[in-house]
Amino acid sequence: MSASVQDDRAKTAFVFAGGGSFGAIQVGMLHSLIANGVTADMVVGSSVGAINGAYYAGCPTLKGVLELETIWRGLTRHDVFPVTWRTLLGFLWRRDFLIPHDGIRKLLEDHLPFRNLQDARLPLHIVTTDIVSGETVVLSEGSAVEAIVASTSIPGAFAPVPYKDRFLADGAIAANTPVRVAVAKGARRLIILPTGYACAADTPPVGAVANALHALTLLIARQLVDELEQLPPDIEYFVVPPLCPLVGSPYDFSLTSNLIERSIKSTDDWLAHHGLEKQHIPGELRNHDH
């Protein structure tokens, strides 16, 4: 069955937020959801959530999620953010962007189980931002790699990606947790997989990219709460609680295995306590003391 035919009857969407290396938390959530028989009819993803969402849409089984876990457990910062002396010198020379797209592009080309977005087993919508106008641009067909590279292009760190007559960048700018995109695509029941933010740190992260990502995760949480509070009453939504306390930086990939394991357990507990029967915004997404 083609993605377009499936899309007509799509009811439940998995909605994946951004969050850098905290995307490992989504992998644990997915593991628990799929192991407990929870599935989706369509997938919407932004930023790192575009990577996880695309992989799930291409192989929406526990076996596929376990393969995604294996990929995440083997990642290093350099795989995703290949900053070297050469890239730093290039940044100083050009003064436009710091990190090449090579790391994420290679990661996707090596592991993504389909070439074009419309070839995924579930309807897949990747959220990006037109860096000139600020508009949300949703990609549902065409090159999966280019769409995801665009959706993960943090302004200032990565160059925008040319697409037709636009320049596209991180989906987080316009719609990091793309709740309204899922509704516009026909979903009436949303299962949202946020990444959360570092809520147990007394000092800011070190480095420009780390600080940018930390600020982005704070924006993500606030934006998600705002969007959920504005949803029409006929839309059901369930937010899988992110981890808290959560330490570290979304630029740090050294804690990936721990985040996955904690997230599996946390989501198992949430499901066991009827999380998919209680529509509310988790306290972990609101401002709170650490």
Side-chain angles (χ1 to χ4, degrees), residues 1-18 23-73 75 104-128 137-152 171 175 177-179 181-193 195 236-238 240 260 263-264 267 271 276:
M1 181 179 293
S2 70
S4 60
V5 173
Q6 282 183 312
D7 211 24
D8 292 338
R9 61 180 178 82
K11 299 295 181 184
T12 297
F14 279 177
V15 183
F16 292 81
I25 295 167
Q26 290 175 336
V27 180
M29 292 173 175
L30 261 183
H31 179 129
S32 175
L33 290 169
I34 305 309
N36 283 279
V38 182
T39 59
D41 300 302
M42 61 188 290
V43 174
V44 181
S46 181
S47 203
V48 75
I51 298 175
N52 288 334
Y55 199 94
Y56 170 72
C59 195
T61 63
L62 184 58
K63 180 176 181 291
V65 175
L66 292 174
E67 290 171 353
L68 181 60
E69 277 187 44
T70 300
I71 295 167
W72 266 94
R73 291 178 193 273
L75 284 182
I104 291 175
R105 183 173 275 111
K106 183 178 189 309
L107 186 67
L108 295 168
E109 289 173 346
D110 287 349
H111 298 291
L112 200 64
F114 55 92
R115 181 179 297 273
N116 293 308
L117 295 173
Q118 64 269 29
D119 297 332
R121 288 173 60 182
L122 296 177
L124 172 62
H125 308 290
I126 301 299
V127 181
T128 70
V137 178
V138 182
L139 303 178
S140 306
E141 59 183 23
S143 168
V145 169
E146 290 307 304
I148 298 167
V149 167
S151 187
T152 55
T177 309
V179 169
V181 172
V183 173
K185 292 297 182 181
R188 289 297 174 265
R189 179 172 179 261
L190 313 179
I191 299 177
I192 299 155
L193 289 76
T195 56
E236 278 191 296
Y237 68 83
F238 304 94
V240 184
I260 291 172
S263 184
I264 292 171
T267 308
L271 291 170
L276 282 177

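Any value given below was found using the heavy atoms of this structure, including those in side chains, with hydrogens, waters and symmetry copies removed.
With a 4.5 Å cut-off on side-chain heavy atoms, Ile191 and Val38 count as touching. Side-chain contact between Ile192 and Val179: present, with at least one pair of heavy atoms (C-beta onward) separated by less than 4.5 Å. Proximity of Val27 to Ile71: side-chain heavy atoms (C-beta onward) are nowhere separated by under 4.5 Å. Counting only heavy atoms from C-beta outward, the side chains of Ile51 and Phe16 never approach each other to under 4.5 Å. Looking at heavy atoms from C-beta onward, Lys185 lies in side-chain contact with Val138 at the 4.5 angstrom threshold. At a threshold of 4.5 Å between non-hydrogen side-chain atoms, the residues Thr39 and Pro60 do not count as touching.
Residue Tyr237 holds its OH atom at 14.0 Å from CZ of Arg189, rounded to the nearest 0.5 Å. Note: Ser46 OG to Ile148 CD1 = 11.5 Å, rounded to the nearest 0.5 Å. Of the inter-residue distances, the one linking Ser151 atom OG with His125 atom NE2 reads 13.5 Å to the nearest 0.5 angstrom. To the nearest 0.5 Å, atoms CD1 (Ile264) and NE2 (His31) are separated by 4.5 Å. To the nearest 0.5 Å, atom CG of residue Leu190 and atom OG1 of residue Thr12 are 8.5 Å apart. Annotation: the span from Leu33 atom CG to Leu276 atom CG amounts to 7.0 Å, rounded to 0.5 Å.
Side-chain atoms of Ser143 come within 3.5 Å of backbone N or O of Glu146 as a donor-acceptor pair. No donor-acceptor pair under 3.5 Å is formed between the side chain of Asn116 and the backbone N or O of Glu141. The main-chain N or O of Gly23 is found under 3.5 Å from a side-chain atom of Asn52 such that the two form a donor-acceptor pair. Checked by atom type and distance alone, the side chain of Ser47 never pairs as donor or acceptor with a backbone atom of Thr152 at under 3.5 Å. Between the side chain of Thr128 and the backbone N or O of Val137, at least one donor-acceptor pair lies under 3.5 Å.
Of all heavy-atom pairs between Gly142 and Gln118, the closest is N-OE1, 2.9 Å. For Gln26 against Ala17, the heavy-atom pair with the smallest separation is NE2-O, 2.8 Å. Residues Pro178 and Val44 come closest through the heavy atom pair CG-CG1, 3.3 Å. Contact record, Val65 with Ile34: CG2-CG1, 4.0 Å, taken as the closest heavy-atom pair.
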Quiz item: Step by step, would you call Leu122 with Met42 a side-chain contact (heavy atoms from CB on, under 4.5 Å)?
Solution: CA-CA 5 Å; Leu122 296 177; Met42 61 188 290; 5.9 Å; no
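Under the salt bridge (charged side-chain N to carboxylate O under 4.0 Å, His left out) criterion, Glu67 pairs with Lys63, not counting sequence neighbours. By the side-chain contact (heavy atoms from CB on, under 4.5 Å) test, Arg73 pairs with Glu69, Ser257, Ile260, Glu261, sequence neighbours left out. By the side-chain contact (heavy atoms from CB on, under 4.5 Å) test, Glu109 is found to be paired with Arg105, Val145, residues two or more places apart in sequence or in another chain being considered. Under the side-chain contact (heavy atoms from CB on, under 4.5 Å) criterion, Ser32 pairs with Asn36, Thr267, Asp268, Leu271, sequence neighbours left out. Residues passing the side-chain contact (heavy atoms from CB on, under 4.5 Å) test with Ala147, sequence neighbours excluded: Leu117, Ile126, Leu139.
Among pairs with a residue in residues 32-62, those fulfilling ring pair (Phe, Tyr, Trp, His ring centres under 6.0 Å) read Phe14-Tyr56, at least two apart in sequence or across chains.
Screening Leu68, Thr70, Leu62 for a side-chain contact (heavy atoms from CB on, under 4.5 Å) with Leu66, the sole residue that qualifies is Leu62.
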